[in-house]
J.: 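Input: one structure, supplied below.
Because only heavy atoms are used, hydrogens play no part in the values below, and waters and symmetry mates are left out as well, while side chains stay in. Here is the naming used below: chain letters follow the sequence lines, and residue numbers restart at 1 for every chain.
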Amino acid sequence: AQTVTQSQPEMSVQEAETVTLSCTYDTSENNYYLFWYKQPPSRQMILVIRQEAYKQQNATENRFSVNFQKAAKSFSLKISDSQLGDTAMYFCAFSGTYKYIFGTGTRLKVLA
Amino acid sequence: DTAVSQTPKYLVTQMGNDKSIKCEQNLGHDTMYWYKQDSKKFLKIMFSYNNKELIINETVPNRFSPKSPDKAHLNLHINSLELGDSAVYFCASSQDFGLPDTQYFGPGTRLTVL
């Protein structure tokens, strides 16, 4: 069965610094996507970044980038130049065959 | 120009009442979902619909009845509300079902049962 694990319930980072959120997953599938979603206090679920498993190149979206280690089944999110607006819950998610699974989330607080 | 919309955003009601939450997507997607997010922020899928047909019911009590009048709409009706139903309910949609794909979420409906 597929699982998604986020081992850091809470993290904090100073404004303008860099922070990395961890995610590991388990699957026997070869074709899957991985995601990071952001949920700010407004509770909207916002797609931050997507990584297709068949792509070797790590996905990037402006200040957000991932470190995708397929063999190790690891998918971390790096946020550069952290901003106060990055304060939110961050969810790692897996999409495979008939499955969409979320991790338990990491609460990130950006400090002024 | 909202992609996935839900109404209402807040719902406060008494135990035992019946309530509905509506969802609409204008992305042209074939698949829609309902999720429940509890007080610990854990997201759990409830239902998956593809082309108006129920595909997956993740052991949700039968007090919860989804209805999809067309591909763009998926409503959730809840009978005999209980205290434990208090949560945030999210609607989502994706183009494909059964294949890896991106889900897009609505703004959520916070349901409070008193």
J.: Under 4.5 Å heavy-atom distance to chain B, tell me which part of A/Phe35 shows up: side chain, backbone, both or neither.
T.: side chain

J.: Report yes if some heavy atom in the side chain of B/Val88 is under 4.5 Å from a heavy atom in the side chain of A/Arg43; otherwise report no.
T.: yes

J.: Measuring heavy-atom distances to chain B, does A/Gln39 have an atom under 4.5 Å in its side chain, in its backbone, in both, or in neither?
T.: side chain

J.: Do you know which of B/Asp96, B/Thr102, B/Leu99 has the most heavy-atom pairs with chain A at a distance under 4.5 angstrom?
T.: B/Thr102

J.: With a 4.5 angstrom heavy-atom cut-off, which part of A/Met45 approaches chain B: side chain, backbone, both or neither?
T.: both

J.: Can you run down the ring pair (Phe, Tyr, Trp, His ring centres under 6.0 Å) pairs that involve residues 16-49 of chain B, sequence neighbours left out, and say none if there aren't any?
T.: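 Counting only pairs at least two positions apart or across chains, the ring pair (Phe, Tyr, Trp, His ring centres under 6.0 Å) contacts touching residues 16-49 of chain B are A/Phe102-B/Tyr35, B/His29-B/Tyr104, B/Tyr35-B/Phe105.
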
J.: Considering residues, nucleotides and ligands other than B/Arg110, do more than 12 of their heavy atoms fall under 6.0 Å from its CZ?
T.: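 No, because the 6.0 Å sphere around CZ of B/Arg110 holds 12 heavy atoms or fewer from other groups.
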
J.: Given a strict heavy-atom distance threshold of 4.5 Å, which part of B/Gln103 is in contact with chain A: side chain, backbone, both, or neither?
T.: both

J.: Nearest 0.5 Å, what's the NZ-CD1 distance between A/Lys99 and B/Ile45?
T.: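 Spacing of NZ (A/Lys99) from CD1 (B/Ile45) equals 8.5 Å.
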
J.: Please say whether more than 12 non-hydrogen atoms of neighbouring residues, nucleotides or ligands are located less than 6.0 Å from NZ in A/Lys70.
T.: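 Yes.
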
J.: Among Ile, Leu, Val, Met, Phe, Trp and Tyr joined by side-chain contacts under 4.5 Å, find the other residues sharing a cluster with A/Met11 and list them by chain and number.
T.: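 Its cluster partners, ordered by chain and number, are A/Val4, A/Val13, A/Val19, A/Leu21, A/Tyr25, A/Tyr32, A/Leu34, A/Trp36, A/Val48, A/Ile49, A/Phe64, A/Val66, A/Phe68, A/Phe75, A/Leu77, A/Ile79, A/Leu84, A/Tyr90, A/Phe94, A/Ile101, A/Leu108, A/Val110.
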
J.: Most heavy-atom pairs under 4.5 angstrom with chain A, which of B/Ser94, B/Gly106, B/Ser48?
T.: B/Gly106

J.: Counting only heavy atoms closer than 4.5 Å, note whether B/Thr31 contacts chain A via side chain, backbone, both or neither.
T.: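 For B/Thr31, no heavy atom lies under 4.5 Å from chain A.
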
